[in-house]
Protein chains: 2
Amino acid sequence: MPSASASRKSQEKPREIMDAAEDYAKERYGISSMIQSQEKPDRILVLVRDLTVQRADEVVWVRARVHTSRAKGKQCFLVLRQQQFNVQALVAVGDHASKQMVKFAANINKESIVDVEGVVRKVNQKIGSCTQQDVELHVQKIYVISLAEPRLPLQLDDAIRPEVEGEEEGRATVNQDTRLDNRVIDLRTSTSQAIFRLQSGICHLFRETLINKGFVEIQTPKIISAASEGGANVFTVSYFKNNAYLAQSPQLYKQMCICADFEKVFCIGPVFRAEDSNTHRHLTEFVGLDIEMAFNYHYHEVLEEIADTLVQIFKGLQERFQTEIQTVNKQFPCEPFKFLEPTLRLEYCEALAMLREAGVEMGDEEDLSTPNEKLLGRLVKEKYDTDFYILDKYPLAVRPFYTMPDPRNPKHSNSYDMFMRGEEILSGAQRIHDPQLLTERALHHGIDLEKIKAYIDSFRFGAPPHAGGGIGLERVTMLFLGLHNVRQTSMFPRDPKRLTP
Amino acid sequence: MPSASASRKSQEKPREIMDAAEDYAKERYGISSMIQSQEKPDRILVLVRDLTVQRADEVVWVRARVHTSRAKGKQCFLVLRQQQFNVQALVAVGDHASKQMVKFAANINKESIVDVEGVVRKVNQKIGSCTQQDVELHVQKIYVISLAEPRLPLQLDDAIRPEVEGEEEGRATVNQDTRLDNRVIDLRTSTSQAIFRLQSGICHLFRETLINKGFVEIQTPKIISAASEGGANVFTVSYFKNNAYLAQSPQLYKQMCICADFEKVFCIGPVFRAEDSNTHRHLTEFVGLDIEMAFNYHYHEVLEEIADTLVQIFKGLQERFQTEIQTVNKQFPCEPFKFLEPTLRLEYCEALAMLREAGVEMGDEEDLSTPNEKLLGRLVKEKYDTDFYILDKYPLAVRPFYTMPDPRNPKHSNSYDMFMRGEEILSGAQRIHDPQLLTERALHHGIDLEKIKAYIDSFRFGAPPHAGGGIGLERVTMLFLGLHNVRQTSMFPRDPKRLTP
């Protein structure tokens, strides 16, 4: 019983198919005309993930991509995919489908989008290759909504194959540049879908937690008039007849909001660093999750709020995104992320002692190198069984000029980093809120006072003590999932060599 | 009974005060040393908004700014302010305060931050000038935590005075440049606090609504390799040895995410327009609330989701931010924002008819001028009693090349704007998802195909029909509150003449 809509569609079928007069199914398949909002049909499209035995024997319409097709005599098996879900569909010569229709279905290019009408049938043997294992769809009508070109720049099945398996078996995997060059297709894989749905969850949990804690979301400008932190690593913008710069962090603006009585603020936005480094964890543009907060007497009030925010994110991810975590693990196996409550806080000198005990030679006022960071992560994991910890009280000498010195030890500072799986994801500190001390520290660092005048002036009309920090979204996503490159967790990564797509 | 902490503080008091041996209250006031996280006292600081008759006769500690001080014989009245809340405090010569202490309190510079210990006392006559009208604080101790400089660049009381009153009575108001030059202080006013707390609410409601509707938040790059919409009005960035550009919208990336099966996406981020225009509603950098969504058969599915999202924002603001709305109204009186459910949708030709009836001469394919937009807003308000409506089916000729033509009328398009109080806040459309039609339309617009190759290629591997739109956060905030300049609703506005602070 072809619907009015199906009839209309069949009239738009290519002529060669129309000519096949002996085709009793000719109105049941074809290439639809482009959807241009011609009409508003009542048809309900069922989601692939809702195709379960509860719907057995129902006739449903589904819109999905053709993930694979395989013709076999008078039958054609399709795998229909919708995001991370897929179902097997069968077009078989019979009452509904003609030989020509089976051939048509078998020849639809992979990744094309189709509207399919079919009966949901329970299967006796689970279909291991699909997420909907207990049913298949017996196709009665199939129309192509958007036709993909025949040659795909990469195969989705190759793109989700674990690296190890690929090497062992000699089967294809997809290298990173091919993925990134064809990101629209690479993002369709179950792994990418899971990574970025989880990343969306990180942003949501970050804000949900902070809004509940009474924080206010702020929007800070990205085009700024002066390079905020001395001028190194800053991108220059032509601004009408002058030059301007891209903000390397929202820090000045966060601090101004604290001086303007917003008390607890956060923002999520792009951060720009013109560093010509091509490591696994550096991007020239990344997303900063930034926090700044006035405190009463001790910056640990802030430290605890930030650590708790991260813990709430970890918990929320493990509760709400278990499917996504497992999907990513299939391609990139890794241990579940472990953390303690309350969060482990070590002082820098304790970390030094642990490293020295492990044979590392380091000065008291030396910063952690990347290998030492990683080693420390392993030592901490062994000793405390946590993938997340705070390192507090950094040497003053290795921190920026606006960092508050430790009142008890002039070589230490009220500053901290946070680590996930041995890599830094947050850097923060109590900031100097006194214009006089700030001036002294800037001079000590050899900074041109003229360039930071506006910054210092912000503190001249009463400023509460405050602290904060900035989190790298891509790093948190990468390290939570145990991935190994931030380009996997940036949808459209930017580095010195990549500006596209 | 001075606490250990107060004793310590008194030791750090300036010498001249220490010398006043006859001062029996000398340990009860002074300038504290800078809070450097020396200790973690148990002291609980009570919020000003919690100072009510329920706390009458309790001794409390409060940290707040000195909003005003007025000495009167042996007494000094302070108004202590905390964000939008304030309370009267009294320092009077007696058991707790000496003459010197009253003098000290009277001389604290406005906007300084103080820690005050005092007894909450019920007052017989309401204190009209404070938010906490039923109590005052009888001060027993007062320490300056952060001293403001004596001369403020603007007075907060001037900054919240309604313009009309200022003109009528000849009392001072503060002009916009002075406000923006001293934004840290201007943002402390009750009006600014309310505007930006409400703006934070808009972002929160936008995301809350969309997450509940199943949308995924995405992060799109701001540095791009080619000027996306033809090259006009784009900022150029020096990118290592090459040039790059700042994204004028996230549209290409939103659409790529749709082609990559994310189905419903949103993002909040900066948008850059190098337009040399200095109007009340243009900024060179603003915050875009962007939506893109695949639909089944008709772009009105998307239109309705966007309109509903805005309605949920309006409702949420009226429910959760009534105090903020009223605070802004005190300085900038305006009618409450009205909207209908479902949202009024007019077609462009209907709007033309209304304008023509009102005497406007306009061609069928002519765009709306700003004055005609405003006039239309008034006509719609009169006829339908709504401040929010959709204008659908714009002439194809006035829309960008990627806009889907109307299948029923080749001069119309499947595109729409949304208006608040007669000003555009959103522009959107069904986008062309077919690479062939997209190529034809680009050629028709005289666009260099080479420059948009990546854009067109995104649709070659199966693309669902989709539509979306971009909302200007500053405009929504401005128009919801009935303000008259986006610079009032951008914390740190950027225009051709302003890049600071």
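First the proteins, then the strands, lettered A, B, ... as listed; each starts at 1.
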Can you name the nearest heavy-atom pair linking B/M256 to A/F492, along with the distance? CE-CE2, 3.5 Å

Is there a donor-acceptor pair under 3.5 Å between the side chain of A/R188 and the backbone N or O of B/C259? yes

Between B/Q38 and A/P407 (side chain of the first, backbone of the second, donor and acceptor by atom type, cut-off under 3.5 Å), is there such a pair? no

At a heavy-atom distance under 4.5 Å, which candidate from A/F295, A/F286, A/F262, A/Y455 has the highest pair count against chain B? A/F262

What closest approach, in Å, do A/A274 and B/F240 show between heavy atoms, and which atom pair accounts for it? O-CE2, 3.7 Å

Measuring heavy-atom distances to chain A, does B/S490 have an atom under 4.5 Å in its side chain, in its backbone, in both, or in neither? neither

Taking A/M404, A/Q82, A/M34, A/K40 one by one, which has the highest count of heavy-atom pairs under 4.5 Å against chain B? A/K40

Heavy-atom neighbours of B/N212 CG exceed 12 at 6.0 Å: yes

What's the verdict on side-chain contact (heavy atoms from CB on, under 4.5 Å) for B/F272 and A/I223, showing C-alpha distance, side-chain angles and the deciding distance? CA-CA 9 Å; B/F272 305 94; A/I223 304 182; 3.6 Å; yes

Could you check which of A/D406, A/D495, A/I432 has the highest count of heavy-atom pairs closer than 4.5 Å to chain B? A/D495

Point-to-point distance, once rounded to the nearest 0.5 Å, from SG of A/C267 to CD1 of B/I268: 12.5 Å

Which atom names give the shortest non-hydrogen contact between A/A244 and B/L499, and what distance separates them? CB-CD1, 3.8 Å

Considering only heavy atoms, which portion of B/P496 lies under 4.5 Å from any heavy atom of chain A: side chain, backbone, both, or neither? both

Closest heavy-atom contact between B/A463 and A/S146? N-OG, 2.8 Å

Spell out, as yes or no, whether a donor-acceptor pair under 3.5 Å connects the side chain of B/S200 to the backbone of A/V216. no

At a heavy-atom distance under 4.5 Å, which candidate from B/I185, B/L473, B/D434 has the highest pair count against chain A? B/I185

In terms of heavy-atom pairs under 4.5 Å with chain B, the winner among A/Q199, A/E285, A/R183, A/Q84 is A/E285

Partner of B/R207 under side-chain hydrogen bond (donor to acceptor under 3.5 Å, both in side chains), picked from A/E217, A/E208, A/H204, is A/E217

Given a strict heavy-atom distance threshold of 4.5 Å, which part of B/N296 is in contact with chain A: side chain, backbone, both, or neither? both

B/Q193 side chain to A/A260 backbone, donor-acceptor under 3.5 Å: yes

Smallest heavy-atom separation, A/I35 atom then B/Q430 atom, equals O-NE2, 3.0 Å

A/Q36 backbone acceptor or donor facing B/N414 side chain under 3.5 Å: yes

Can you tell which part of B/V287 gets under 4.5 Å to a heavy atom of chain A, answering side chain, backbone, both or neither? side chain

What part of B/R460 lies closer than 4.5 angstrom to a heavy atom of chain A: side chain, backbone, both or neither? both

Shorter than 4.5 Å, heavy atoms on both sides: which option in A/L147, A/L437, A/I211 has the most such pairs with chain B? A/I211

Between the CD atom in A/Q219 and the OG1 atom in B/T477, the distance rounded to the nearest 0.5 Å is 9.0 Å

Pair count under 4.5 Å, heavy atoms only, with chain A: among B/S37, B/P493, B/G269, highest is B/S37

When you measure from the side chain of A/R494 to the backbone N and O of B/P221, does any donor-acceptor pair fall under 3.5 Å? no

Step-by-step side-chain contact (heavy atoms from CB on, under 4.5 Å) determination, A/C257 to B/M491: CA-CA 9 Å; A/C257 287; B/M491 271 195 175; 3.5 Å; yes

Heavy-atom closest pair (B/E263 atom, A/Q83 atom, distance to 0.1 Å) is OE1-NE2, 3.2 Å

Examine whether an atom of B/E275 lies under 4.5 Å from a heavy atom of chain A, and if so say whether it belongs to the side chain, the backbone or both; otherwise answer neither. backbone

Partner chain B: residue of A/R151, A/K110, A/R197, A/E149 with the largest heavy-atom pair count (under 4.5 Å): A/E149

Separation of B/R43 CZ from A/Y297 OH (nearest 0.5 Å): 4.0 Å

Rounded to the nearest 0.5 Å, the CD1 atom of B/I113 sits from the CG atom of A/D261 at a distance of 7.0 Å

Whether A/Y239 and B/F235 hold their rings parallel, tilted or perpendicular, with breakpoints at 30° and 60°: parallel

Would you mind checking which part of B/S192 comes under 4.5 Å of any heavy atom in chain A, side chain (CB onward), backbone (N, CA, C, O), both or neither? backbone

Is the backbone N or O of A/T500 less than 3.5 Å from a side-chain atom of B/S225, with the two atoms forming a donor-acceptor pair by type? no

